[in-house]
Undergrad: 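I have a structure here, written as structure tokens, and I will follow up with some questions on it.
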Amino acid sequence: MSSPQKLTLKHKQNPPHPKGLTLRDMVENRSLWDREPPDILALKRLLKEKGWLENSTFNGEQKRWLVSIKAVEDGYGKNILPPLYSKYKIKNKKYNYKKYSPFPVFFKEKLNLVINSLSWESIFNEISKLNKKEALNHIMINYGYLPNKTISSLSKSSLSSVERLRKKMKHENVTF
């Protein structure tokens, strides 16, 4: 009778990528952005809208924002498991899949292409000549996937105005 095989993680399967940036790193690195960078939630929504991120199930019970399969295949980024990422290595401890979750990392070499595809700068250019009400309507119709706080900040409208308009548009079956 053969002995049971021990499952071990091999660090060579998914080595850390020293040239990658997490989403938080992307937001904090002001040199990537021509204007004020989006907050982390707005960045996630922009990346999802453009196909760079997808909200995937991890471990059968949790939802995680991960680099899309297409972006991984094209070499724009990858999903890292923390114990395999040098910054999060855990010594002499068993790896617990429920405790650690993968997170997205985009490679520095292709980061400018990713950032430029988000059209963050063009949103500012589009609303620069509009008054508050026009800007709010324009953003809600064209970029309604952004969080209320970001829409409020971009249009210089109050958060309650954004929430009211979103509720009104939802009631009138206007899709974003």
Side-chain angles (χ1 to χ4, degrees), residues 17 20-72 74 76-82 85 87-88 98-108 110-128 130 132-171 173-176:
H17 198 289
L21 288 178
T22 63
L23 299 181
R24 184 164 310 283
D25 295 337
M26 289 169 68
V27 169
E28 292 172 355
N29 189 345
R30 296 203 179 261
S31 66
L32 295 173
W33 308 94
D34 295 332
R35 307 249 184 164
E36 182 71 23
D39 62 17
I40 192 101
L41 181 57
L43 179 62
K44 285 178 183 178
R45 298 234 181 125
L46 285 163
L47 288 166
K48 180 182 184 275
E49 184 67 20
K50 300 300 181 179
W52 298 110
L53 283 184
E54 53 191 29
N55 202 350
S56 302
T57 303
F58 172 71
N59 198 25
E61 52 197 53
Q62 303 173 349
K63 289 278 194 176
R64 295 284 176 224
W65 290 97
L66 299 174
V67 178
S68 68
I69 294 169
K70 177 84 170 119
V72 171
D74 293 344
Y76 287 96
K78 66 195 251 179
N79 300 305
I80 306 262
L81 288 170
Y85 192 55
K87 197 163 141 179
Y88 297 94
K98 292 189 179 195
K99 188 173 180 184
Y100 303 106
S101 318
F103 59 91
V105 172
F106 287 93
F107 302 143
K108 287 181 183 176
K110 297 194 176 184
L111 200 55
N112 283 337
L113 295 169
V114 174
I115 298 291
N116 291 336
S117 75
L118 301 180
S119 308
W120 184 244
E121 181 70 23
S122 69
I123 296 173
F124 284 97
N125 293 337
E126 290 171 14
I127 62 171
S128 64
L130 304 174
K132 277 199 312 191
K133 189 174 182 179
E134 291 170 337
L136 177 57
N137 285 326
H138 178 76
I139 293 169
M140 287 296 288
I141 290 168
N142 297 301
Y143 306 101
Y145 54 84
L146 290 172
N148 290 350
K149 184 179 168 187
T150 304
I151 293 173
S152 171
S153 172
L154 288 170
S155 66
K156 296 178 178 56
S157 300
S158 68
L159 189 56
S160 59
S161 295
V162 174
E163 290 167 351
R164 252 190 327 272
L165 183 59
R166 190 178 292 277
K167 193 174 186 179
K168 180 181 174 187
M169 292 175 103
K170 186 176 182 180
H171 181 67
N173 293 327
V174 175
T175 56
F176 314 119

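The first residue of the sequence shown is numbered 1, and numbering continues consecutively from there.
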Undergrad: So, using salt bridge (charged side-chain N to carboxylate O under 4.0 Å, His left out) as the criterion, who are the partners of E36 when residues are at least two apart?
TA: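 With sequence neighbours excluded, E36 shows a salt bridge (charged side-chain N to carboxylate O under 4.0 Å, His left out) to R30, given in chain and number order.
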Undergrad: What distance separates I151 CD1 from Y143 OH, expressed to the nearest 0.5 Å?
TA: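 Those atoms lie 11.5 Å apart.
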Undergrad: For residues K132 and S155, report the shortest heavy-atom separation together with the two atoms involved.
TA: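 Scanning both residues, the minimum pair turns out to be CG-O, 3.6 Å.
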Undergrad: Throw together a table of side-chain donor-acceptor distances under 3.5 angstrom for residues 44-52, partners on residues two or more places apart or in other chains.
TA:
residue: R45; atom: NH1; partner: Y145; partner atom: O; Å: 3.1
residue: W52; atom: NE1; partner: S117; partner atom: OG; Å: 2.8

Undergrad: Measure the CG-CG distance between L136 and L165 for me, rounded to the nearest 0.5 Å.
TA: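 If we round to the nearest 0.5 Å, L136:CG and L165:CG are 5.0 Å apart.
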Undergrad: Which pair of non-hydrogen atoms, one from M169 and one from I141, has the smallest distance, and what is that distance?
TA: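 Answer, listing the atom of M169 first, then I141: CE-CG1, 3.7 Å.
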Undergrad: Quick one: list whatever passes side chain to side chain contact (heavy atoms under 4.5 Å, CB included) with E121, sequence neighbours left out.
TA: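 Partners of E121 under the side chain to side chain contact (heavy atoms under 4.5 Å, CB included) test: D34, R35, N125.
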Undergrad: Hey, mind stepping through W120 and L154 against side-chain contact (heavy atoms from CB on, under 4.5 Å) and telling me if it holds?
TA: CA-CA 11 Å; W120 184 244; L154 288 170; 4.2 Å; yes
Undergrad: Got a sec, which residues hit side chain to side chain contact (heavy atoms under 4.5 Å, CB included) with N142, two or more places apart in sequence or on another chain?
TA: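 N142 satisfies side chain to side chain contact (heavy atoms under 4.5 Å, CB included) with H138 once adjacent residues are dropped.
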Undergrad: Taking all non-hydrogen atoms of both residues into account, name the closest pair between P147 and R166 and its distance.
TA: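 That closest heavy-atom pairing would be C-NH2, 4.4 Å.
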Undergrad: Would you sort out whether F106 and L113 count as a side-chain contact (heavy atoms from CB on, under 4.5 Å), showing the intermediate values?
TA: CA-CA 11 Å; F106 287 93; L113 295 169; over 6 Å; no
Undergrad: Can you tell me how far apart CZ (R164) and OG (S158) are? Round to the nearest 0.5 Å.
TA: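 Between atom CZ of R164 and atom OG of S158 there are 6.0 Å.
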Undergrad: Considering non-hydrogen atoms only, spot the tightest contact between P104 and W65 and give its length.
TA: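 That would be CD-O, 3.2 Å.
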Undergrad: Is there a side-chain contact between L23 and L53 in this structure, where contact means two heavy atoms from C-beta onward sitting under 4.5 Å apart?
TA: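 L23 vs L53: side chains touch.
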Undergrad: For a quick test of reading the model, state the closest non-hydrogen atom pair linking L21 to K108 and the distance between them.
TA: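 Between these two residues, the closest heavy atoms are CD2-CE, 4.0 Å.
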Undergrad: Using modelled atom types only, decide if a donor and an acceptor are shared between the side chain of S152 and the backbone of N148 within a distance under 3.5 Å.
TA: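 Here the side-chain-to-backbone pair does not exist.
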Undergrad: Under the rule for side-chain hydrogen bond (donor to acceptor under 3.5 Å, both in side chains), what residues qualify as partners of K70, not counting sequence neighbours?
TA: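 In terms of side-chain hydrogen bond (donor to acceptor under 3.5 Å, both in side chains), with neighbours along the sequence ignored, K70 is linked to D74.
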Undergrad: Any side-chain heavy atom of I127 sitting closer than 4.5 Å to one from K156?
TA: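 Result no, sub-4.5 Å side-chain heavy-atom pair not found.
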Undergrad: Can you list everything that forms a side-chain hydrogen bond (donor to acceptor under 3.5 Å, both in side chains) with D39? Sequence neighbours excluded, please.
TA: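 Partners of D39 by the side-chain hydrogen bond (donor to acceptor under 3.5 Å, both in side chains) criterion come out as none, since no residue qualifies.
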Undergrad: Looking at OG1 of T150 and CG of L43, how far apart are the two atoms once the value is rounded to the nearest 0.5 Å?
TA: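 Output value for this atom pair is 10.0 Å.
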Undergrad: About how many Å separate NZ of K78 and CG of L66, when rounded to the nearest 0.5 Å?
TA: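 Output value for this atom pair is 13.5 Å.
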Undergrad: Would you compute the distance between atom CG of L130 and atom CG of N137 and round it to the nearest 0.5 angstrom?
TA: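 That separation rounds to 9.5 Å.
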Undergrad: So do the side chains of K149 and V162 get within less than 4.5 Å of each other, counting heavy atoms only?
TA: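 Side chain of K149 against side chain of V162, heavy atoms only: no contact under 4.5 Å found.
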Undergrad: For a side-chain contact (heavy atoms from CB on, under 4.5 Å) check, start with the C-alpha distance between V67 and V105, then their side-chain angles and the critical distance, and finish with the verdict.
TA: CA-CA 7 Å; V67 178; V105 172; 6.0 Å; no
Undergrad: Begin with the C-alpha distance, continue with both residues' side-chain angles, and end with the deciding distance and a verdict on side-chain contact (heavy atoms from CB on, under 4.5 Å) for T22 and I80.
TA: CA-CA 10 Å; T22 63; I80 306 262; over 6 Å; no
